[in-house]
Amino acid sequence: MTIGDWLATRTPAPPAPLATRLAEALAPVLGRDAVEVPEAALDAAAALLGALLRDRTAGRDRALDLLAADALVTYAFEAASDDPERIAGRADAAMARLSVLAVEGSA
């Protein structure tokens with residue numbers, strides 16, 4: 001199963017505009033093995049969030065990107081739940097990574 005296949009099997013399915021944005025954010029890795037979903041989804045979420053934080057003029061027109069970043073983090077942990085022994089470490093690493101974006105974005 002690929003990351004694209006895994007994404008297509010999520011239920012409930014996200015609304016069409018969000019599904020399209022998620023596929024766009026994950027486009028470079030959609031063909032990779034689904035075991036990479038936790039890292040790939042978090043990478044894509046960080047990229048979206050970083051871009052939002054750098055864009056000081058971002059408004060409602062970028063709300064879909066914020067929703068996509070949120071969904072990608074959720075999916076990262078949904079996929080990571082297949083390896084419960086590593087969840088705490090993944091959560092700590094994700095919080096550290098995303099908090100750095102906030103600090104960088106406020107500078």
Side-chain angles (χ1 to χ4, degrees):
M1 176 180 285
T2 66
I3 291 174
D5 296 334
W6 186 91
L7 187 62
T9 63
R10 299 305 87 206
T11 56
L18 180 56
T20 298
R21 188 66 188 105
L22 293 170
E24 291 169 354
L26 290 167
V29 298
L30 287 175
R32 291 188 186 166
D33 193 288
V35 298
E36 297 182 42
V37 168
E39 291 79 17
L42 190 58
D43 288 346
L48 284 173
L49 188 56
L52 283 167
L53 291 168
R54 285 187 300 275
D55 182 0
R56 303 245 185 236
T57 63
R60 289 182 183 204
D61 59 317
R62 300 290 302 275
L64 186 58
D65 286 343
L66 185 58
L67 288 171
D70 177 68
L72 287 162
V73 171
T74 300
Y75 284 159
F77 281 94
E78 181 179 333
S81 70
D82 291 340
D83 187 5
E85 294 80 31
R86 295 183 59 203
I87 284 285
R90 286 181 190 267
D92 290 343
M95 286 189 296
R97 182 174 182 188
L98 297 176
S99 66
V100 166
L101 293 173
V103 171
E104 290 172 354
S106 67

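We number each residue from 1, following the sequence as shown.
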Any idea which heavy atoms bring [X] and [Y] closest together, and the distance?
{"X": "Ala69", "Y": "Ala45", "result": "O-CB, 3.6 Å"}
{"X": "Ala44", "Y": "Ala25", "result": "CB-O, 3.7 Å"}
{"X": "Ser99", "Y": "Ala96", "result": "OG-O, 3.0 Å"}

Side chain Asp43, main chain Ala40, donor-acceptor under 3.5 Å: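 No; judged by distance alone, with no hydrogens or angles, the pair does not exist.
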Contacts of type side chain to side chain contact (heavy atoms under 4.5 Å, CB included), residue Asp55, not counting sequence neighbours: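 Here the qualifying residues are Thr57, Ala58, Arg62.
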Can you list every pair that meets ring pair (Phe, Tyr, Trp, His ring centres under 6.0 Å) and has a residue in [range], with sequence neighbours left out?
{"range": "residues 12-57", "result": "none"}
{"range": "residues 12-68", "result": "none"}
{"range": "residues 17-49", "result": "none"}
{"range": "residues 29-50", "result": "none"}

Linked hydrophobic residues, Leu26 as query - side chain contacts closer than 4.5 Å: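 When side chains under 4.5 Å apart are linked, the cluster holding Leu26 also contains Met1, Ile3, Trp6, Leu7, Leu18, Leu22, Val29, Leu30, Val37, Leu48, Leu64, Leu67, Leu72, Tyr75.
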Met95: hydrophobic cluster co-members (side-chain, 4.5 Å):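 Met95 shares its hydrophobic cluster with no other residue.
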Side chain to side chain donor-acceptor pair (under 3.5 Å) involving Thr20 - partner list, sequence neighbours excluded: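 If we apply the side chain to side chain donor-acceptor pair (under 3.5 Å) test to Thr20, skipping adjacent residues, there are no hits.
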Residue pairs, two or more places apart or on separate chains, that pass salt bridge (charged side-chain N to carboxylate O under 4.0 Å, His left out) and touch residues 20-30: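 Matches after skipping sequence neighbours: Arg21-Glu24, Arg21-Asp65.
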Gap separating the CZ atom of Arg97 from the CG atom of Asp92, nearest 0.5 angstrom: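 Reported value, rounded in 0.5 Å steps: 15.0 Å.
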Distance in Å, Leu98 CG paired with Leu101 CG, rounded so as to fall on 0.5 Å steps: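 Result: 6.0 Å between the selected atoms.
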Distance-only check: which donor-acceptor pairs under 3.5 Å involve side-chain atoms of residues 78-91, not counting sequence neighbours?
| from | atom 1 | to | atom 2 | distance (Å) |
| --- | --- | --- | --- | --- |
| Glu78 | OE2 | Arg10 | NH1 | 2.4 |
| Ser81 | OG | Glu78 | O | 2.6 |
| Arg90 | NH1 | Glu39 | OE2 | 2.7 |

Salt bridge (charged side-chain N to carboxylate O under 4.0 Å, His left out) partners of Asp33, counting only residues at least two apart: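 With sequence neighbours excluded, Asp33 shows a salt bridge (charged side-chain N to carboxylate O under 4.0 Å, His left out) to no residue whatsoever.
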